[in-house]
Amino acid sequence: MIGEMNIGGVFVPRLLLAAILAFGLAVIVKRVFRYADFYRFVWHAGLFDTALFVILWWLTAAATIDVTPYGAGP
């Protein structure tokens, strides 16, 4: 379980923070793919974008699982 972070007295799930970070990364990656004309090789852009977001969300959650408010975990 990833747990919660205390932000200004409000407990926020870490998965929500990872999702927000993954969404920002997905927007950047989609703009790069659109600039590079990568989407002409993609059959269904909506499914591809959803899969990209889920993969980035998983990667950010896995990368931040040991991060605490005081730095890296134990």
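Below, all heavy atoms of this structure are taken into account, side chains as well, without hydrogens, waters or symmetry copies. This structure is a prediction, so every number in the text was calculated from the model and none was measured.
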For the residue pair V29 and L52, what are the closest heavy atoms and their distance? CG1-CD2, 3.7 Å
If you take all heavy atoms of A61 and L15, which pair is closest and at what distance? CB-CD2, 3.9 Å
Path from L25 to F23 over hydrophobic side-chain contacts below 4.5 Å: no
Same cluster or not: L56 versus V42, using hydrophobic residues (I, L, V, M, F, W, Y) connected whenever any side-chain heavy atoms lie under 4.5 Å apart? yes
What about L16 and M5, same hydrophobic cluster or not, with Ile/Leu/Val/Met/Phe/Trp/Tyr joined at side-chain heavy-atom distances under 4.5 Å? yes
Angle class for the F33/F48 ring planes (parallel below 30°, perpendicular above 60°, tilted otherwise)? tilted
Heavy-atom closest contact (T60 atom, A22 atom, distance): OG1-CB, 3.9 Å
For a side chain to side chain contact (heavy atoms under 4.5 Å, CB included) check, start with the C-alpha distance between L17 and I7, then their side-chain angles and the critical distance, and finish with the verdict. CA-CA 11 Å; L17 299 175; I7 299 177; 4.1 Å; yes
In the single-linkage hydrophobic clustering (I, L, V, M, F, W, Y; side-chain heavy atoms under 4.5 Å), do I28 and Y39 co-cluster? no
Out of curiosity, T50 OG1 to I55 CD1, how far, rounded to the nearest 0.5 Å? 11.0 Å
Is F38 atom CZ crowded by more than 12 heavy atoms from other residues, nucleotides or ligands, each under 6.0 Å away? yes
